[in-house]
Peer 1: 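Take a look at the following structure, please.
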Protein chains: 2
Amino acid sequence: MGDATDVIRDRAGRSGAMDEFQPPGRLVTLTDVAREAGVGESTVSRVLRNHGSYSKRAGARVAEAVARLGYVPNRLAGSLAGQGASARLVGVVIPSLANVVFPDLLRGLTSALDAEGIPCVIGVSEYDPDREEALAAALLSWRPAALLLTGLEHNPGTVALARAGGVRVVEMIDTDGDGIDTVVGFSNRAVGAASARHLVARGYRRIAYLGHDLRIDVRAGKRLAGFEEALAEAGLALQAQEIRSGPSSPASGRAGLEALLARHPDLDAVYFSNDDMALGGYFACLAAGLAVPGRIALFGFNGLDFAAAMPQPLSTVRTPRLEIGRRAAACLTDQSPKKIDLGFELIEGATA
Amino acid sequence: MGDATDVIRDRAGRSGAMDEFQPPGRLVTLTDVAREAGVGESTVSRVLRNHGSYSKRAGARVAEAVARLGYVPNRLAGSLAGQGASARLVGVVIPSLANVVFPDLLRGLTSALDAEGIPCVIGVSEYDPDREEALAAALLSWRPAALLLTGLEHNPGTVALARAGGVRVVEMIDTDGDGIDTVVGFSNRAVGAASARHLVARGYRRIAYLGHDLRIDVRAGKRLAGFEEALAEAGLALQAQEIRSGPSSPASGRAGLEALLARHPDLDAVYFSNDDMALGGYFACLAAGLAVPGRIALFGFNGLDFAAAMPQPLSTVRTPRLEIGRRAAACLTDQSPKKIDLGFELIEGATA
DNA sequence: TCGCCTTTTGGCAGCGCTGCCAATCCGGTT
DNA sequence: AACCGGATTGGCAGCGCTGCCAAAAGGCGA
């Protein structure tokens, strides 16, 4: 811990001519730059935003002054004064950071938004609609250019806020229902249905579902509904169902499959709420010496990285997570509300 | 795509008495609330922030007016006017969202910050120092209460910005070196050394390293340095080394181990740059029918969820990722700069 | 009832910037 | 030499809020 302290010795240390007194803590303002450059404030503003016309000379002098003073614009002031008074920020509310899906979503978003220099302000709701509402309000108070939510199910209060906020609203991931403004995602019901049809076509009949808490993860519930619907169309029904409390994880998937097989030894296929759970299931089979898919077939959801690297590639559905984020970003400049269904891809794999 | 459009029919729809004309797009301001409540602006401000004294009656009238008008405070204005003019926001620059480590870091951060109602503004540098600098500047322009960076290696410009910004700076994850202000993390060198000692103690001698690009991921480089140092202390040296281009992933780990074993069939242990790579290595062994750890031992890094669920729990090192985020958040209110080493935990597992 | 002290209240300047507008400059015309 | 149009420039109001201050309203003992 020793010399870490004196690192802050010259906190205010700026280089260059600092003749006049600079009260410590007071940051350089645009007015300082104007004085330093010997031009008016508006000129500095025009130069910095490259907006409106100014002479080469003015541009050079301002650039020089900015560098000399180490000026960092204050966007709080800029956004407040600017028209529409909305900030070059987007607010994002996601339910969790523990599930790779949402970081992936953010990844798509930030990659697209970085190009425009727009950062994300994030809020994590932990799958709690009340928290989502509180976060939406908090984020809107920063007057973001847009508010991005996850899924279509929200508190009435959240919807009211989003509508009244006067901002673009994009709901990501789920297209099964009506959105507030723009919706970018895929149909979770269709994913479930496609997964069921795949298993049925492969001849599996004694099929179970293994997932984490559905009341919390509405979209997993929609997949399951689609799955059961498609099973019913084939004259089949779920043989068993294991719902684990807590978030999805390989550990939960492993324990879940062990529990499921103890109760229903005759199952021939299991549909998991996602790849993490499925990986745990795969580990359970390895540990128990059960042949996959000979003895039991496994089917996941999401198409995560590891799925393809498994000794037997996991049968799953790849969801366009990055693409959703990217498209959501693209929608911000766009005007008309719409619903964009990006679809999904069933990966046959080797486990089902 | 059909009926998604008419969802926005009543975009401006606020409930309650809206007698006076409300220019569309103009949001409710504190002045509006004051008028509606029949009190002064300062009173509204005091009530909303519960700061200073006000009567029960004033409190009730303001609360009522806020609800009736659907008022959402404008924090751009609030922060600009408030003392210090710094926003209740923290800026966070992380190198990537593709590696679970960083979402985990954010998770710890947001969980601690949410309690205070402070959101994170994030920037993703993609491991590029220039980008990091640009992001730091962009984030500082929002006048955040603090700037959180990853690691200790930055451009001189980034350091200058951080110093001149007049904000708290916290560098997360790595403690091997000097920080700008506060540092929260663990020693990557020590992790590498502990891993090497573990392998040596278990009797492994023909040890290789398998990782992703070290020039990009400096901290992985530090772990490797510590690893080699500890090997040397035991009179050993790395038998082989495989550096994969691109980010770490199970697929890369699998291909890497296959390549490594093709070149050096006599290896008895492999140290991976992280658990993702190690999982891929494990899959490679499963696919090739190599006994783990009998034929070859595997050692990872991070202690991710799946490591414990594997048929043979992965031998790895658990890093305090959430805790780092939480402590970093705690440091924001704290005053004195310091270096906090949160340590790590070696998980013996069953693969090495 | 009056005076004194505490609580509560409203007015208003100003945070740093942008947008508007009027003033100024510059070069070529007449 | 006076004139004109476009390019360039600076001044200043005001974005919505907070902090400060002085004024108003209560509370209470004498």
Side-chain angles (χ1 to χ4, degrees), chain A residues 22-23 25-62 65-66 69-89 140-144 165-166, chain B residues 22-23 25-62 65-66 69-89 140-144 165-166:
Chain A
Q22 190 74 245
R26 194 181 149 289
L27 295 174
V28 183
T29 70
L30 181 139
T31 309
D32 298 329
V33 175
R35 200 185 311 117
E36 178 80 13
V39 299
E41 300 180 25
S42 349
T43 301
V44 177
S45 178
R46 278 186 291 259
V47 171
L48 290 176
R49 290 176 301 143
N50 192 30
H51 174 273
S53 71
Y54 56 88
S55 63
K56 274 217 152 55
R57 203 182 87 99
R61 299 197 60 159
V62 168
V66 163
L69 299 179
Y71 172 66
V72 175
N74 183 335
R75 284 185 189 276
L76 295 176
S79 301
L80 183 63
Q83 44 197 14
S86 98
R88 300 256 302 164
L89 281 177
L140 282 173
S141 74
W142 293 105
R143 296 290 184 266
Chain B
Q22 191 75 243
R26 195 182 149 288
L27 295 175
V28 182
T29 71
L30 182 138
T31 309
D32 298 328
V33 175
R35 200 185 314 117
E36 177 81 13
V39 299
E41 300 180 26
S42 349
T43 301
V44 177
S45 178
R46 277 186 292 258
V47 171
L48 290 176
R49 289 176 302 142
N50 191 29
H51 175 272
S53 69
Y54 55 88
S55 63
K56 274 216 153 51
R57 204 182 86 98
R61 300 198 57 159
V62 168
V66 163
L69 299 179
Y71 172 66
V72 176
N74 184 336
R75 283 186 190 276
L76 295 174
S79 301
L80 182 62
Q83 43 197 9
S86 98
R88 301 255 303 164
L89 280 178
L140 282 173
S141 74
W142 293 105
R143 295 292 184 266

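Computation of the quantities below employed the complete heavy-atom set of this structure, encompassing side-chain atoms and omitting hydrogens, waters and symmetry-equivalent molecules. Residue numbers begin at 1 in each chain, while the letters A, B, ... track the order of the sequences.
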Peer 1: Could you give the CZ-to-C1' distance, from B:R57 to D:dA25, as a whole number of Å?
Peer 2: 12 Å
Peer 1: How long is the line joining CG of B:L69 and C1' of D:dG16, in whole Å?
Peer 2: 15 Å
Peer 1: D:dA7, OP1 or OP2 - any side-chain N/O from A:S53 closer than 4.0 Å?
Peer 2: no
Peer 1: Taking atom types as they are modelled, is there a donor-acceptor pair under 3.5 Å from the base of D:dG16 to the side chain of B:T31?
Peer 2: no
Peer 1: When the nearest nucleotide of DNA chain C is assigned to A:V72 and to B:G40 on a heavy-atom basis, which residue is associated with the more 5' position?
Peer 2: B:G40
Peer 1: Give B:A58 one of three labels, base, sugar-phosphate or nothing, depending on what nucleic acid heavy atoms sit under 4.0 Å from its own.
Peer 2: sugar-phosphate
Peer 1: How sharply is the helix from C:dT1-D:dA30 to C:dT30-D:dA1 bent, taking the axes over five pairs at either end and rounding to 10 degrees?
Peer 2: 50°
Peer 1: In this structure, how many angstroms lie between the P atom of C:dC15 and the CZ atom of B:R143, rounded?
Peer 2: 14 Å
Peer 1: If you compare every side-chain N and O of A:S42 against the phosphate oxygens of D:dG10 (OP1, OP2), does one of them come in below 4.0 Å?
Peer 2: no
Peer 1: Would you say C:dC25 has OP1 or OP2 under 4.0 Å from some side-chain N or O of A:Y54?
Peer 2: no
Peer 1: Near DNA chain D, counting only heavy atoms under 4.0 Å, which residues of residues 43-51 of chain A show up?
Peer 2: A:T43, A:R46
Peer 1: What nucleotide, of C:dG10, D:dC15, D:dG10, holds the atom closest to the side chain of A:A81?
Peer 2: D:dC15
